Number of protein chains: 2
Amino acid sequence: MISQTMEDYLAAIYRVETVAHRATTGAVARRLGVSAASASAMFHKMADAGLVRYREYLGVTLTATGRLQATQVVRRHRLTERFLTDMLGIGWDRVDKVADQMEHALPEEVTESFARVLGDAARCPHGYPIPSVSGEVAVRETVSLAQMAVGSGHIAWVSEDDPVLLADLARRGLVPGAHVQVLTGEPGGKRRMVRVAGRAAAGLQVRLLQAVAVEVEMDARP
Amino acid sequence: MISQTMEDYLAAIYRVETVAHRATTGAVARRLGVSAASASAMFHKMADAGLVRYREYLGVTLTATGRLQATQVVRRHRLTERFLTDMLGIGWDRVDKVADQMEHALPEEVTESFARVLGDAARCPHGYPIPSVSGEVAVRETVSLAQMAVGSGHIAWVSEDDPVLLADLARRGLVPGAHVQVLTGEPGGKRRMVRVAGRAAAGLQVRLLQAVAVEVEMDARP
DNA sequence: TCTCTGGTTTAGTCGTCTCTAAACCATGTT
DNA sequence: AACATGGTTTAGAGACGACTAAACCAGAGA
């Protein structure tokens, strides 16, 4: 009933919605590497299938059933990523693409086995939450590192889109769970002093603005 | 260039060829669960691609390049089966189907990681050899349990086709590597005494003729 | 208000893989 | 030797998902 391609669209829409509340044709097409025309045609089909609400020229939003399906696809994707890094030792900068390629062929039996051998991992290697079987997603209050006030916290997640950036972040210790301190500077400012895992993050200041991809969960202020 | 569907055909042809020297349209179609017409059309395409020689009404044989490609598909399949049983604990009676479903989506990076974490396994869970990266396949001299002379040996492989039969075989201890002794009876005869792993295999006599699926490597006679 | 521009949709095609129905070939049987 | 039968091939068509080119809409700036 719901094709593999449609699953890819569901996941893409889900991801776009988490940052934009409405997924436009272009944004989804870009994410999937297809033409806008193809995405438009697929939106019609998905609306017919009751997975999305479609408003022409404005984009789509997931229906309840669409959202549930989407979380399952995302669960599968993130469990697969976790499996690829933890069990096979594949670098976290490549697992997103690899998981994309293999996930739609994985039977539920296999991904749930991943969950079992991984001890029900809560997050993917980039720090995003893994939805539960019933579709629940743990939400966390975070700020981007660039917008963070002076203080300390732990990295919650980093965007998995760009392998080059990911490899760079790993070299600098900017991985989920790492302790970060912002010592000086205004939120959004250009000059900031940052420590990662206790060490000064040299050269990080310049890159900060690009690093909107890094989200931090701030420590409670005493 | 070579589609996922074509890979499935390659593997099927390879498997049929190992028992029949020439893969007929019908045999391949049955194995893949498609119509003979579809298989015929695909044979034309594969012949155009130089993967098989096609003689109308007689079937196909793999070319050198076709055979190499096929062994790689088979390698992937059997590594995947091994992974499913050894790492995920999925029953050997189900892994053939599961591997079929997921294998064509697995990047080489992943299957070769399977090989690494499995310590370069030599055989699939049913005992079939896993071809090397360069396409070599270890061959073993075997006889079917039904045709075996009085004597002893070890089970080399069992046919993976029928899940019900597989589960039954496992219950009786008829798994690859198990020691078997044929005590009495003529090769191909109806009444035979068989011991499996030292214990008398009760009820096995009747089933022997169905058990052409069990291949045994006989011990050298002293 | 008009127009420009960028994103969106439609129209028309193509490629891949599949199917059923009907024609076809190559056997073994009578 | 004729023929029936079972497997094989062609013919015709449909589902799916992708593309390009062209028409279309909506909001920003003049």
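As the structure is a computational prediction, the values presented were derived from the model and not from experiment. Naming: A, B, ... by sequence-line order, numbering from 1 per chain.
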Worksheet item: Going by distance alone, is a donor N or O of one side chain under 3.5 Å from an acceptor N or O of the other, for Glu17(B) and His21(B)?
Response: no
Discussion item. When the axes are fitted on five pairs at both termini, how much does the helix from dT1(C)-dA30(D) to dT30(C)-dA1(D) curve, in 10° steps?
Written reply: 10°
Discussion item. Tell me whether the rings of Tyr54(B) and His44(B) are parallel (<30°), tilted (30 to 60°) or perpendicular (>60°).
Written reply: perpendicular
Practice prompt. Name the orientation class of the two ring planes belonging to Phe43(B) and Tyr9(B) (parallel below 30°, tilted from 30 to 60°, perpendicular beyond 60°).
Written response: perpendicular
Discussion item. Tell me the interatomic distance from Met6(A), atom CE, to dA18(D), atom C1', rounded to whole angstroms.
Written reply: 14 Å
Worksheet item: Quick one: Tyr54(A) OH to dC25(D) C1', roughly how many Å, whole number?
Response: 12 Å
Worksheet item: Which two nucleotides bound the region of DNA chain C that has atoms under 4.0 Å from heavy atoms of chain B, read 5' to 3'?
Response: dC17(C) to dC25(C)
Worksheet entry | Note, Val110(B) side chain near Leu84(A) side chain (heavy atom, < 4.5 Å) | yes
Item to complete: Check the pair Arg171(A) / Asp168(A) against salt bridge (charged side-chain N to carboxylate O under 4.0 Å, His left out), numbers first and verdict last.
Response: CA-CA 5 Å; Arg171(A) 265 193 300 278; Asp168(A) 192 30; 3.6 Å; yes
Worksheet item: Would you say Thr5(A) reaches dC16(D)'s phosphate, i.e. side-chain N/O to OP1/OP2 under 4.0 Å?
Response: no
Discussion item. Between Lys45(A) and dG17(D), is there a contact of a side-chain N or O with OP1 or OP2 at under 4.0 Å?
Written reply: yes
Worksheet entry | Listed nucleotide nearest any side-chain atom of Ala37(A), set dA21(D), dA18(D), dA11(D) | dA21(D)
